[in-house]
Amino acid sequence: MKNLLVAGILMSGIAFGQVKKDTVEKEYKLEVTPYKAEKKEKPLPLSKKGQMFVFFGWNRGAFSNSDIHFSGNGYDFQLNNVSARDKPTKFGIVYFDPSWFTVTQYNFRVGYFIKDDLAIVLGIDHMKYVMKQNQTVDFSGTISDPKYAAMVQNGQVNLADEQFLTFEHTDGLNYENLGLEKYKNLVHKKNVDLVWSYGAGLGVMFPKSNIKLFGNERSDRFHVAGMGADLRSSLNLVFWKNWMLRAEVKAGYINMWDIKTTLNNKPDKARQDFVFGQVLAGIGYTFNTKKYN
């Protein structure tokens, strides 16, 4: 019996020692995984705070009829319900030659994302506004010069012969604006993203108005004439994370209360307000201002 007890103790000691040895060996065999820095994924275009884009394109515009009020030395009158159109340049090399870019109806944008999916956008909309010459409009007010007063018949004046008035903002109807735009990614593929945006803008009108009233020397100079506001929406097709094609629609309101109608610093001026619509398209480039691995 004693022999059996001694043998049992020896066997248990051997077993315990073996378990301890195996455990120690396993503990020493644990591998330490080396630390790896977390890799930052390059974000989607037009989506993250710190991203920027630049854009250049061309537009077509439409304008509501407007009442135009003229005042100056010897006259104070209004032409009612005057219609106008834009003045697109015939397509050609002028659209791609940088030395002639102001001849076209163009748009320029610089955008910066101040928050994820929200950009502040500085823009110039170079539209062109031309009063339709072949129209007869209602007249109210007074003109002291008998030559031009005689052109008013039965409370109307015919503008077709250009002697009474020519009226354009063709160098141009410049709307310099600051806007906020919200962006949403609609489609994300390997090398293509489709991004929708919408927003609003507010800015100043800085036209170069080409106006000839009563045979006076034509006014043709840049000046701050009023203000504008707009709502906008665009679709942006981004290729290879950077190159962007944009198509945009815009509607807005323009109020110009200080339109220069004569060349020199005379008190002569006109004022008008109207609603405008615009479609535009062009090419841009978007990029990150932060580094990504």
Side-chain angles (χ1 to χ4, degrees), residues 35-63 86 88 91 95-96 98 101 104-127 173-205 227-254 275-293:
Y35 173 76
K36 291 183 179 180
E38 183 181 354
K39 185 177 180 180
K40 292 184 178 180
E41 293 283 339
K42 190 173 182 180
L44 299 180
L46 303 175
S47 67
K48 288 295 182 182
K49 179 180 178 180
Q51 290 180 332
M52 291 188 68
F53 69 86
V54 292
F55 167 84
F56 187 87
W58 302 273
N59 69 70
R60 290 297 308 268
F63 312 102
D86 69 346
F91 185 78
Y95 279 83
F96 307 101
F101 79 95
T104 63
Q105 297 180 174
Y106 71 86
N107 300 78
F108 178 72
R109 301 271 193 281
V110 176
Y112 177 77
F113 280 77
I114 56 175
K115 294 175 62 177
D116 288 357
D117 303 319
L118 183 66
I120 187 167
V121 182
L122 178 65
I124 300 174
D125 292 20
H126 180 80
M127 299 176 281
L173 184 64
N174 299 310
Y175 173 42
E176 303 187 2
N177 56 89
L178 190 66
L180 281 175
E181 297 178 359
K182 183 75 172 177
Y183 286 77
K184 180 177 178 59
N185 192 293
L186 302 179
V187 176
H188 172 60
K189 300 294 184 182
K190 183 177 180 181
N191 290 316
V192 177
D193 287 271
L194 181 63
V195 186
W196 171 54
S197 79
Y198 61 92
L202 184 69
V204 298
M205 302 307 302
M227 295 191 70
D230 74 87
L231 298 174
R232 61 189 70 171
S233 182
S234 73
L235 281 175
N236 304 274
L237 194 61
V238 184
F239 298 92
W240 304 294
K241 304 293 185 183
N242 296 109
W243 292 101
M244 174 176 70
L245 296 177
R246 167 175 283 205
E248 181 176 298
V249 293
K250 175 181 288 188
Y253 170 73
I254 288 172
V275 173
F276 75 93
Q278 187 185 151
V279 293
L280 63 102
I283 189 169
Y285 189 83
T286 178
F287 56 94
N288 298 305
T289 59
K290 296 180 179 180
K291 296 290 186 181
Y292 291 89
N293 295 331

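Quick note: numbers below take in every heavy atom, side chains included, and nothing from hydrogens, waters or symmetry partners. By convention here, the first residue in the shown sequence is residue 1.
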Residue pairs fulfilling salt bridge (Lys or Arg N to Asp or Glu O under 4.0 Å) with at least one residue in residues 177-186, sequence neighbours excluded: E181-R232, E181-R246
Going by heavy atoms in the side chains, are F239 and L245 under 4.5 Å from each other? yes
Side chain to side chain contact (heavy atoms under 4.5 Å, CB included), that's the test. Do W196 and S233 meet it? Break it down for me. CA-CA 8 Å; W196 171 54; S233 182; 2.9 Å; yes
Can you check side chain to side chain contact (heavy atoms under 4.5 Å, CB included) on R60 and D86, steps first, answer last? CA-CA 7 Å; R60 290 297 308 268; D86 69 346; 2.7 Å; yes
When the ring planes of Y175 and F276 are compared, do they come out parallel, tilted or perpendicular, using 30° and 60° as the limits? perpendicular
In terms of side-chain geometry, is the basic nitrogen of D116 or K49 positioned less than 4.0 Å from the acidic oxygen of its partner? no
Nearest atoms (heavy-atom pairs only) where V195 meets P45: CG2-O, 4.2 Å
For D193 and N185: C-alpha separation, side-chain torsions, deciding distance, then whether side chain to side chain contact (heavy atoms under 4.5 Å, CB included) applies. CA-CA 7 Å; D193 287 271; N185 192 293; 3.1 Å; yes
Identify the heavy atoms of D230 and L202 that sit nearest to each other, and give their distance. OD2-N, 4.4 Å
Flag for Q278-N107: side-chain donor and acceptor within less than 3.5 Å: yes
Which atoms form the tightest heavy-atom contact between I120 and I114, and what is the distance? CG2-CG2, 3.7 Å
Looking only at heavy atoms, the pair that brings V54 and M244 closest together is O-CE, 4.1 Å
Would a distance-only check, ignoring hydrogens and angles, find a side-chain to backbone donor-acceptor pair under 3.5 Å from T286 to M52? yes
Counting distance only, does the side-chain N/O of Q105 pair as donor-acceptor with the main-chain N or O of N59 below 3.5 Å? yes
Pair D125-N174, side chain to side chain contact (heavy atoms under 4.5 Å, CB included): steps then yes or no: CA-CA 6 Å; D125 292 20; N174 299 310; over 6 Å; no
Closest approach of L237 to L194 (non-hydrogen atoms, all atoms of both residues): CD1-CD1, 4.0 Å
Ring geometry between W243 and Y285 (parallel below 30°, tilted from 30 to 60°, perpendicular above 60°): perpendicular
Kindly give the heavy-atom pair with the smallest separation between F53 and L46, and that separation in Å. CD2-CD2, 3.8 Å
